[in-house]
4 protein chains.
Amino acid sequence: MKERARRKAQRPGEILEAAFDAFAERGFAATRMEDVAARAGVTKGAIYFYFPTKERLFEEMVDHYSRDMLADAGAMLASAQGGSAEKLRAFLEFMYGRCARDRYGREIIRLMVSDGKSFPQLVERHHRDFFAPAMRMVSELLAAGAASGEFRPEVAKHGAEIVVAPSVFLTLMRLIFGGSLELNEDAYIVCHIELLLNGLLTPSGRANLSPAKACGEDRSPI
Amino acid sequence: MKERARRKAQRPGEILEAAFDAFAERGFAATRMEDVAARAGVTKGAIYFYFPTKERLFEEMVDHYSRDMLADAGAMLASAQGGSAEKLRAFLEFMYGRCARDRYGREIIRLMVSDGKSFPQLVERHHRDFFAPAMRMVSELLAAGAASGEFRPEVAKHGAEIVVAPSVFLTLMRLIFGGSLELNEDAYIVCHIELLLNGLLTPSGRANLSPAKACGEDRSPI
Amino acid sequence: MKERARRKAQRPGEILEAAFDAFAERGFAATRMEDVAARAGVTKGAIYFYFPTKERLFEEMVDHYSRDMLADAGAMLASAQGGSAEKLRAFLEFMYGRCARDRYGREIIRLMVSDGKSFPQLVERHHRDFFAPAMRMVSELLAAGAASGEFRPEVAKHGAEIVVAPSVFLTLMRLIFGGSLELNEDAYIVCHIELLLNGLLTPSGRANLSPAKACGEDRSPI
Amino acid sequence: MKERARRKAQRPGEILEAAFDAFAERGFAATRMEDVAARAGVTKGAIYFYFPTKERLFEEMVDHYSRDMLADAGAMLASAQGGSAEKLRAFLEFMYGRCARDRYGREIIRLMVSDGKSFPQLVERHHRDFFAPAMRMVSELLAAGAASGEFRPEVAKHGAEIVVAPSVFLTLMRLIFGGSLELNEDAYIVCHIELLLNGLLTPSGRANLSPAKACGEDRSPI
DNA sequence: AATGAATGAGAGTTCATTCAT
DNA sequence: TATGAATGAACTCTCATTCAT
């Protein structure tokens with residue numbers, strides 16, 4: 001039977017999948033190799049044929065499931081149409097899809113939080129290959145929007161972080177409160193983008209606040 | 001000797017402090033009772049005099065360090081002066097102080113993420129006693145602002161989450177990237193509030209976007 | 001009860017004794033910590049309270065049981081009476097007692113042979129602290145005997161090794177063939193010393209051989 | 001292909017060679033079948049085609065490398081020329097060559113010491129087929145020498161062991177101290193034979209000792 | 001109140017052995 | 001013949017927990 005050959009080719013992937021489930025469920029330390037093995041339908045020993053230690057299994061699993069994130073982000077941005085606002089919306093929707101909605105992205109973030117200290121190279125890699133470039137993308141988007149007159153230029157420095165924060169916030173709430181968090185994600189996203197683009201203040205609220213030097217940066221009244 | 005009596009009264013607190021440090025450092029599963037004991041300057045056995053199991057020690061520690069958060073939040077809001085925008089700013093500064101800047105708040109969040117699944121009552125309690133009330137406070141603040149004409153009313157439903165998200169985002173980045181995250185927190189907060197209140201769009205950007213039904217909700221042009 | 005205190009003080013020694021028995025029986029690799037524990041009447045975990053690893057247990061055991069050998073050898077020599085021949089006989093009897101007859105000395109030699117490659121410092125220590133000094137003692141004894149006219153001076157260079165060899169040979173036979181080696185040790189020793197002192201040749205055999213340059217070194221006929 | 005056939009015929013020998021290297025390096029217990037396989041340039045499974053268990057592989061390897069020793073010893077003795085002393089010298093040189101100098105003989109002795117207890121038939125075989133006959137040969141040689149008046153007759157009982165001891169002693173030192181044992185083997189052998197044949201005492205030393213009944217056996221003064 | 005020696009149930013890892021290919 | 005993926009038992013070491021002192 002080709003059965004054997006087929007299994008062999010698939011085993012590493014199956015083990016990584018099982019490892020993802022197990023580690024996401026309980027974290028690195030509390031997960032036993034036997035848990036992973038059972039989920040993968042093999043015995044403990046078989047895992048060691050493919051991965052030399054629990055640490056390496058963890059690292060390779062995280063790498064495996066974070067590999068395409070950045071690539072996808074780049075591809076997404078490249079294909080975005082329209083003005084800066086449209087592009088920004090597209091990027092945010094990507095973030096929601098990849099971090100908040102997608103179980104893989106979400107749980108990888110959990111593992112970064114819970115076990116990142118034990119895997120500093122992993123964290124560094126994520127900073128270098130995903131977080132920093134993503135923030136840079138957003139910053140460039142904001143700058144381009146400012147240059148074209150669409151966006152207000154004041155948000156240069158930390159705008160990127162503020163802009164994506166709600167998607168990460170939603171992710172975190174899902175991680176902590178799980179299924180008990182009832183929330184209409186679509187409405188949440190709409191609200192996020194609406195608030196982001198238009199701000200909280202009414203014209204009159206703005207008028208009241210502006211003379212009092214609202215937010216640190218000098219700004220011409222609207 | 002009074003010394004002995006004083007030590008005795010302080011022991012539980014010292015152990016909780018040590019437990020916080022230890023659990024924050026490595027998470028629940030990877031922390032050994034002996035780590036906690038060593039940090040507290042006692043032996044393993046002593047801990048069991050005050051706390052019957054590792055689980056209970058963890059729970060009581062988390063309770064201990066999250067107890068005042070809600071109280072502080074309530075007190076803070078009650079004492080806030082000025083219009084809704086001022087109150088909102090005060091609340092956000094409280095959030096930054098309690099979650100992002102304060103090591104205790106930050107690490108408790110880490111533990112919620114990493115070990116919350118094993119302590120569902122803890123998570124529930126946090127949801128009931130801290131997260132939900134805090135969100136309610138913000139929602140009420142936004143509603144009051146809308147009623148008084150300061151805030152735009154469109155953000156009723158999910159505004160609270162969006163509004164606080166950047167402080168939680170900063171917290172999470174600190175948890176994951178630790179000291180290697182260089183960031184001027186003051187400037188970040190200023191940017192957050194500025195962007196929150198005034199939005200990203202310039203008047204012309206707004207004009208371009210509005211006819212195209214910018215953000216899902218119908219809205220009178222500004 | 002003082003039982004506990006008494007046990008506590010004796011435990012390390014009991015474990016070392018058990019470790020000696022177990023390692024001597026099966027060698028380092030084939031001995032399980034559980035074997036040692038069972039012989040010592042404790043559980044596996046208890047051993048780790050006193051010795052951090054199997055390797056360290058092994059090393060400390062070997063150290064423990066070889067510590068007095070050199071000291072004893074020195075004391076013995078210092079107290080030896082009579083001429084050089086008497087002293088030599090005393091030394092050889094010490095060797096037989098310590099290496100061949102004594103189970104501890106014998107089995108330590110076995111462990112040097114079987115596991116010395118894995119514990120090079122141990123081997124070095126034995127060379128530096130036991131083997132080399134012992135050989136030196138014998139060499140000095142031979143030199144003193146030669147100076148006093150008792151011993152033939154030709155054996156300067158390797159005489160020490162040749163002189164002690166039969167005791168080590170007996171040790172090795174005991175290690176390999178164990179109880180099945182039937183041998184009158186006393187007669188063996190007598191024969192050893194007799195042959196050592198007087199040589200194998202008769203005067204006539206000597207006469208036949210001498211002119212033919214018997215053994216490399218030039219030597220006046222007796 | 002002839003190549004394949006030739007390889008096939010050589011495989012068992014290659015595996016035995018690899019097994020010798022591996023077992024000699026680390027002993028039976030610490031050697032893994034995979035070590036042997038790697039040295040032999042095959043995979044684990046291939047070994048099991050030729051040898052059913054690790055134990056059998058070990059036994060056959062030891063047999064393989066000790067088979068010719070006795071035959072060689074017999075052949076050597078048969079071809080020895082000259083008087084008893086010459087024959088004895090020839091035998092001793094054979095011993096040095098086979099035990100001390102030859103890596104195979106030396107390491108087989110190591111394995112007898114380290115793992116003999118687990119392979120009692122192996123040890124018995126060695127005793128029956130090598131050690132006992134060799135000792136018998138030497139005994140007969142000594143008896144013949146005594147009969148011909150070359151050798152002193154007093155050494156009948158244990159002379160053989162004493163006579164060969166230095167070669168085994170050298171072997172053991174090499175096994176334990178390895179390359180760090182600096183020693184001129186030729187000079188060592190010369191010294192051994194010289195001392196063996198002529199003894200340690202000078203005529204005057206002998207005179208002093210004799211009246212005191214030096215070595216147990218009554219003996220006419222030289 | 002506190003100690004710390006001891007337990008015992010695992011945890012990660014190794015490896016002789018098997019067997020479908 | 002030979003491979004190498006897979007098993008499963010065993011091994012070293014860990015650690016929450018207990019308890020005599």
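Residue numbering restarts at 1 for every chain, and letters A, B, ... go by the order of the sequence lines. Below, each value reflects all heavy atoms present in this structure, side chains not excepted, and no hydrogens, waters or symmetry copies.
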Upstream residue (5' side of DNA chain E) when Ala46(C) and Glu55(A) are each assigned their closest nucleotide
Ala46(C)
So the side chain to side chain donor-acceptor pair (under 3.5 Å) pairs with at least one residue in residues 106-122 of chain A (sequence neighbours excluded) are Glu107(A)-Arg110(A)
Closest to the 5' end of DNA chain E, once Phe49(B) and Gly45(C) are matched to their nearest nucleotides, is Phe49(B)
Compare all side-chain heavy atoms of Val62(C) with those of His126(C) and state whether any distance is below 4.5 angstrom.
yes
Roughly, in whole Å, what's the span from NZ in Lys44(C) to C1' in dA9(E)?
9 Å
By side chain to side chain contact (heavy atoms under 4.5 Å, CB included) - contacts of Tyr104(D) (at least two apart):
Glu17(D), Phe20(D), Tyr65(D), Asp102(D)
Separation of dC15(F) atom P from Ile47(B) atom CD1, nearest Å, is 14 Å
Sorted by chain and residue number, the salt bridge (charged side-chain N to carboxylate O under 4.0 Å, His left out) partners of Arg67(B) (sequence neighbours excluded) come out as none
Rounded to the nearest angstrom, tell me the gap between atom NZ in Lys54(A) and atom P in dC13(F).
18 Å
Measure from OH on Tyr50(C) to P on dC13(F) and round the result to the nearest Å.
18 Å
Those residues of residues 29-37 of chain B lying under 4.0 Å from DNA chain F by at least one heavy atom:
Thr31(B), Arg32(B), Met33(B)
What closest approach, in Å, do Ala29(D) and Lys54(D) show between heavy atoms, and which atom pair accounts for it?
O-NZ, 3.5 Å
Could you write out DNA chain E as a dot-bracket string, with dots for unpaired bases, | for bases paired across to another strand, and Watson-Crick or G-U pairs counted at under 3.5 Å?
.||||||||||||||||||||
Provide, to the nearest angstrom, the distance between the CZ atom belonging to Arg26(C) and the C1' atom belonging to dA10(F).
12 Å
What is the distance from CZ of Arg11(C) to C1' of dG4(E), rounded to the nearest Å?
13 Å
Taken in chain and number order and not counting sequence neighbours, the residues that satisfy salt bridge (charged side-chain N to carboxylate O under 4.0 Å, His left out) with Glu34(D) are Lys44(D)
Rounded to whole angstroms, how far apart are CD on Gln10(D) and C1' on dT1(F)?
16 Å
Could you check how far CZ of Phe58(B) sits from C1' of dC15(F), rounded to whole Å?
18 Å
Any salt bridge linking Arg103(C) with Asp21(C)? Criterion: basic side-chain nitrogen under 4.0 Å from a carboxylate oxygen.
yes
Counting heavy atoms not belonging to Arg26(A), are there more than 12 under 6.0 Å from its CZ?
no
